[in-house]
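Read through the structure below, which is laid out as structure tokens, and then see the notes.
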Number of protein chains: 2
Amino acid sequence: MRKNKKSIEMEKCLKTQGFRMTLPRRVILDFLSKTDEHLLAKDIYLKINKNHPDIGLTTVYRTLDLLVKLSLINKFEFGEGQSRYELTWDLKEHHHHLFCLKCGKIIDYNDFIDDEVKFFTKIQKFLSKKYKFNIQNHEVHFYGKCNQCHELLH
Amino acid sequence: MRKNKKSIEMEKCLKTQGFRMTLPRRVILDFLSKTDEHLLAKDIYLKINKNHPDIGLTTVYRTLDLLVKLSLINKFEFGEGQSRYELTWDLKEHHHHLFCLKCGKIIDYNDFIDDEVKFFTKIQKFLSKKYKFNIQNHEVHFYGKCNQCHELLH
DNA sequence: ATGTTAATGATAATCATTTTCAATAAGGAG
DNA sequence: CTCCTTATTGAAAATGATTATCATTAACAT
């Protein structure tokens, strides 16, 4: 197994928090650290299964839960009835998603225009105060049709 | 059954589109039109079940699907593993949600500050162009802790 | 090297949602 | 108003994602 910077960083985080470094966790971390897709638990299980047929789906779910808890990955839902996971980017690379309702394609969007970041900071401050709500994070999902799907309909 | 303006409006929409007006549909429409909560299918089923024990959960699901298709209601997910439904507000009352990760409380937020609406219009135009993506709608979810839950922790 | 105990994997359980299919009822035609 | 077609319904079973159980295994502190 080849480890990259990101997966080593994640391993360190696990250890620091007192979790054991096991083969399944290493494999899953390594795999996640090398993809920028928004994967289903099953996707991850199937990909890993080729080289590691002894790692079960249950363990994939458990590891994903753990990584979410440690904020190393994010869990999303786009109304598909199942969850998608992706590596957490650095803070400055906070991003939003475009989801194609036709084919399920997901586009990451993080080239914020103008003062978009400043804007959300402002909204959050306003909401926190008005609704006495301790906001931890936000998600913005844009739904519609991607280029290809839109053209197919014409 | 007492019908209000909103439910009559919704009935009309169904009929116009060629769907039959049945008792279960009328009951569900009437119930939905009188609540501003974000309900689970099961919630709706249970509430209705008191007066209409013959209306099944399956029919509730089917009716909700239909209403979503007709854009009369919206379907949301907040990472709970089940969907929530709410009446579609008028366009000018487009709103976003604050979701309490502790107790599941949902707060509607539609008193947009400054030019928030203008801002989203601008973002959408930018994204549509850059990613050649036909955006139909967007969702903004703020996650955190509501007042009560936050105080409980201190 | 070893003992403690967290982590795993196989299996079964759970839970939301969907499918199936025979019975019913909406609503147009006569 | 009655009949006919067919959309809609309800009960039950099926599906599919995720979680719980529990005996076995392996991490890692000592």
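Throughout, a chain's letter reflects where its sequence line sits, starting with A, and its residues are numbered from 1. Quick note: numbers below take in every heavy atom, side chains included, and nothing from hydrogens, waters or symmetry partners.
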Exercise. Walking along DNA chain D from 5' to 3', note the first and the last nucleotide with an atom under 4.0 Å from a heavy atom of chain B, and give both.
Key: D/dT6 to D/dA12

Quiz item: With nearest nucleotides of DNA chain D determined for A/Gly81 and B/Thr63 from heavy-atom distances, which residue corresponds to the more 5′ nucleotide?
Solution: B/Thr63

Exercise. Would you confirm whether the ring centroid of B/Tyr109 sits within less than 6.0 angstrom of the ring centroid of B/His97?
Key: no

Quiz item: For the atom pair NE2 (A/His141) and CG (B/Asn137), what is the distance rounded to the nearest 0.5 Å?
Solution: 11.5 Å

Practice problem: Quick one: closest heavy-atom pair of B/Cys149 and B/Cys100, and the distance? | Solution: SG-SG, 3.8 Å

Practice problem: Determine the interplanar angle of the A/Phe76 and A/His95 rings, folded into 0 to 90°, and report it as parallel if under 30°, tilted if 30 to 60°, perpendicular if over 60°. | Solution: perpendicular

Quiz item: From the list C/dG27, C/dG9, C/dT17, which nucleotide is the closest neighbour of the side chain of B/Ala41?
Solution: C/dT17

Quiz item: How about B/Phe31 and B/His52: are their ring centroids closer than 6.0 Å?
Solution: no

Exercise. Describe, in one word, how the ring planes of B/Phe120 and A/Phe142 are oriented to each other, choosing from parallel (under 30°), tilted (30 to 60°) and perpendicular (over 60°).
Key: tilted

Quiz item: With a non-hydrogen cut-off below 4.0 angstrom, is B/Arg62 in contact with a base, only sugar-phosphate, or nothing?
Solution: base

Quiz prompt | Heavy-atom check, side chain of A/Leu40 versus side chain of A/Arg84, under 4.5 Å | solution = yes

Self-check item: Residue-phosphate contact under 4.0 Å: A/Thr22 side-chain N/O, C/dA6 OP1/OP2
Solution: no

Quiz prompt | Sugar-phosphate, base or nothing in reach of A/Leu40, heavy atoms under 4.0 Å | solution = nothing

Quiz item: Between A/Thr59 and C/dA7, is there a side-chain N or O to OP1/OP2 distance below 4.0 Å?
Solution: no

Self-check item: Check ion pair A/Lys34-A/Asp30 (N to O, under 4.0 angstrom)
Solution: yes

Which atoms of nucleotides 11-13 of chain C (N or O only) lie under 3.5 Å from a protein N or O atom, and what are those distances?
residue : atom : partner : partner atom : Å
C/dT11  : O4   : A/Thr58 : OG1          : 3.4

